[in-house]
Amino acid sequence: MTAQPSSKVRQVELPPALTVKELGDSLNVSPVEVIKRLMTHGVMASINQTVDYDTAAIIAVDLGFDPLETKPEPVAAPAAAVDEEIEDDPATLKPRPPVVTILGHVDHGKTSLLDAIRRTKVAAGEAGGITQHIGAYQVERDGKPITFIDTPGHAAFTAMRARGAQATDIAVLVVAADDGVMPQTIEAIGHAQAAGVPMIVAINKMDRAEANPDRVKQQLTEHNVLVEDYGGDVIAVPVSAAKGTGIDDLLETINLVAEVGELKANPDRAANGVVIEAELDPGRGPVATLLVKGGTLHQGDAIVLGEISGKVKAMFDDTGKRFRDAGPSAPAVIMGLEAVPEAGERFLIVGDEKQARAIVDERRRRREAAEQTDHAHVNLDTLFNEISAGKLKELIIILKADVRGSSEAIKASLERLSTAEVKVKTIYAATGNVNDNDVMLAEASNGIIIAFNTKVDPSAKKRSEAVGVEIRSYNIIYQLLEDIEKALVGMLEPVFHTVVDGHAEVRAVFKSSRLGGIAGCYVTDGTIKRSSSVKVLRRGEELAIGRCEGLKRLKDDVREVQAGYECGVVISGFDKFQEGDVLEFFHQEQAARTA
């Protein structure tokens, strides 16, 4: 439904910022219509995305309204103060457990090592055999807790691994004794070094006959990792996750390195920390795994995570057991958030839910004020103009995943598939099931929907079939990327090559009042066909290119003439034949190409 302008211009009051759905309601049009009109102005937005007043006013004018900006009541929200890092008085600091990140190559046994530490089988049952979620777990060694962050090892999850390294005190680099240093091992070393944290090398799979720990140590020196045997300060611990050997030595080494680091925090204040992972649980709603960096997190606390607020309604450990308080370095799975936060987002505890909402509102307004203008300029001045001019083609993707980490990693991998001719653009990425809003966005943007490890709502499936929006579901990242690569190949401009069908020599020239010059020819090789493309060659030089409009054998029109026969040829756009000219008949075939 589209509002038609009337002779009397209607006024509409619009706030400084509102969602696409709210704008549609204000203008009495469907959200899809608003999304389409935003796209014509170079702005990509989903139904729940916020636009500023200036953008909303443009759409209002398009639909025949006279927009007026309404000023909101000022809200006191000390957002600037709470965004700053908390500095504790040294007198309040107490020892805290170390936070350890496990890094390494995809098949070198990171999750199996953690499995051996926890004595559980978290490594089993994962799609493709790859850890696709970051988890945080706490174990005890000699009564001292150690928090582990388990990061995925596949290259597609580089961003998730980087976040894990930034949230840690100690990095445990797992290297298989029989395989040695691999590309992702080097990548993990870079993340640990960039985070500036001490490193411990766990040389895994020592139970295998091909194990060669000395070769591993030598390879590590090539990447500025000097173990103690080579005069460095990095401790290397031989272990076997499969046999459970060396695990106690590894835990003892972690405690030793932690003691040297003198890790401390103030447990007697409101908590702050980082989101390790977050997802939308079908039964519990938004669920986030938090790592407390300072203070103590309590059940019932009002919490702010970026632009999301909530109240800690329940807390669970990694085994699903409920508890009420989490101190420094402790992981906690919490319920009670209004939405799914970004993995890696900082969180803090504030006085009450009203203050939390006020902080979130101010943060959102500040971000929108900073982003909206820049976003519009980028689309209007570059992308939109290039599309309009036909200079750029895009594969538009709406991405829904089970967790934020997977969403971020897939988005980054898809962007790397872009070519000079086809750009892969993920205009919306979020967690949760594919719903009607996602289909509406795909419909308006002429995009496809990718669902990774998540379901499609029945109503969304029905709507997608009705409007022709394609939804592709995956649970293995390799298959997803391969399919998109194939789609890209189909979108590339085709490459053609010339196939010569045959040649004919002009032996005589005839005149026709209706057709002009007709070439009397002898086919020297191949087969010449009517409607083929023809080059006219004179003494080896190309004179003209046309299309074979007529082909005669004796008095009959024919479709083709083979070598060794005479025929009459008429070519479109050329009739100045001379005896001795050579006519080269050819056609174009599409060549196979890759992205």
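Classification of Asp207 and Lys243 as a salt-bridged pair fails, no side-chain N sitting under 4.0 Å from a carboxylate O. Of the charged side-chain nitrogens involved, at least one lies within less than 4.0 Å of a carboxylate oxygen, so that Asp268 and Lys94 count as a salt-bridged pair. A salt bridge is absent between Asp457 and Lys400: the closest approach of a Lys/Arg side-chain nitrogen to an acidic carboxylate oxygen does not fall below 4.0 angstrom.
The side chain to side chain donor-acceptor pair (under 3.5 Å) check on Thr454 picks up Asn433, with sequence neighbours excluded.
In this structure, the side chain of Asp436 engages the main chain of Ala460 through a donor-acceptor pair within 3.5 Å. Side-chain atoms of Thr289 never come within 3.5 Å of backbone atoms of Val333 as a donor-acceptor pair (strictly under, hydrogens ignored). The closest donor-acceptor contact from the side chain of Asp438 to the backbone of Asn435 lies under 3.5 Å. Checking side-chain atoms of Thr147 against main-chain N and O of Ser329 turns up a donor-acceptor pair under 3.5 Å. Looking at Arg363, its side chain does come within 3.5 Å of a backbone N or O of Gly306 through a donor-acceptor pair. Side-chain atoms of Asp301 come within 3.5 Å of backbone N or O of His298 as a donor-acceptor pair. In this structure, the side chain of Thr168 engages the main chain of Ile170 through a donor-acceptor pair within 3.5 Å. Of the possible polar contacts, none joining the Asp142 side chain to the Lys144 backbone as a donor-acceptor pair under 3.5 Å is found. Of the possible donor and acceptor atoms, one in the side chain of Gln219 sits under 3.5 Å from a partner among the backbone N and O of Val181. Checking side-chain atoms of Glu345 against main-chain N and O of Pro341 turns up no donor-acceptor pair under 3.5 Å.
Annotation for Phe316 and Gly320: closest pair CD2-O, 3.4 Å, computed over non-hydrogen atoms. Nearest heavy-atom pair, Pro97 versus Pro145, reported as atom, atom and distance to 0.1 Å: CB-O, 3.2 Å. The minimum heavy-atom distance linking Ala271 with Val292 is given by the pair CB-CG1, 4.2 Å. Between Phe323 and Ala332, the closest heavy-atom pair is CZ-CB, 3.7 Å. Considering all non-hydrogen atoms of both residues, Glu353 and Gly310 come closest at CG-O, 4.5 Å.
In this structure, the separation between CD on Glu279 and CZ on Arg404 is 12.0 Å, given to the nearest 0.5 Å. With rounding to the nearest 0.5 Å, the separation of CG in Leu114 from CD1 in Ile247 is 9.5 Å. Atom CG of residue Asp352 and atom NZ of residue Lys311 lie 10.0 Å apart, to the nearest 0.5 angstrom.
Annotation: side chain of Ile254 is in contact with side chain of Phe148 (closest heavy-atom distance under 4.5 Å).
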Quiz item: Step by step, would you call Asp88 with Arg269 a salt bridge (Lys or Arg N to Asp or Glu O under 4.0 Å)?
Solution: CA-CA 9 Å; Asp88 291 304; Arg269 63 165 171 81; 2.7 Å; yes
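Within a 6.0 Å sphere centred on CD of Glu140, other residues, nucleotides and ligands contribute more than 12 heavy atoms. The neighbour count for Arg324 CZ, taken as heavy atoms of other residues, nucleotides or ligands under 6.0 Å away, does not exceed 12.
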May I have the list of side-chain donor-acceptor pairs in residues 224-237 shorter than 3.5 Å, sequence neighbours left out?
| from | atom 1 | to | atom 2 | distance (Å) |
| --- | --- | --- | --- | --- |
| Asp229 | OD2 | Lys217 | NZ | 2.5 |

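Side-chain atoms of Asp325 and Thr296 form no donor-acceptor pair, as typed in the model, at a separation below 3.5 Å.
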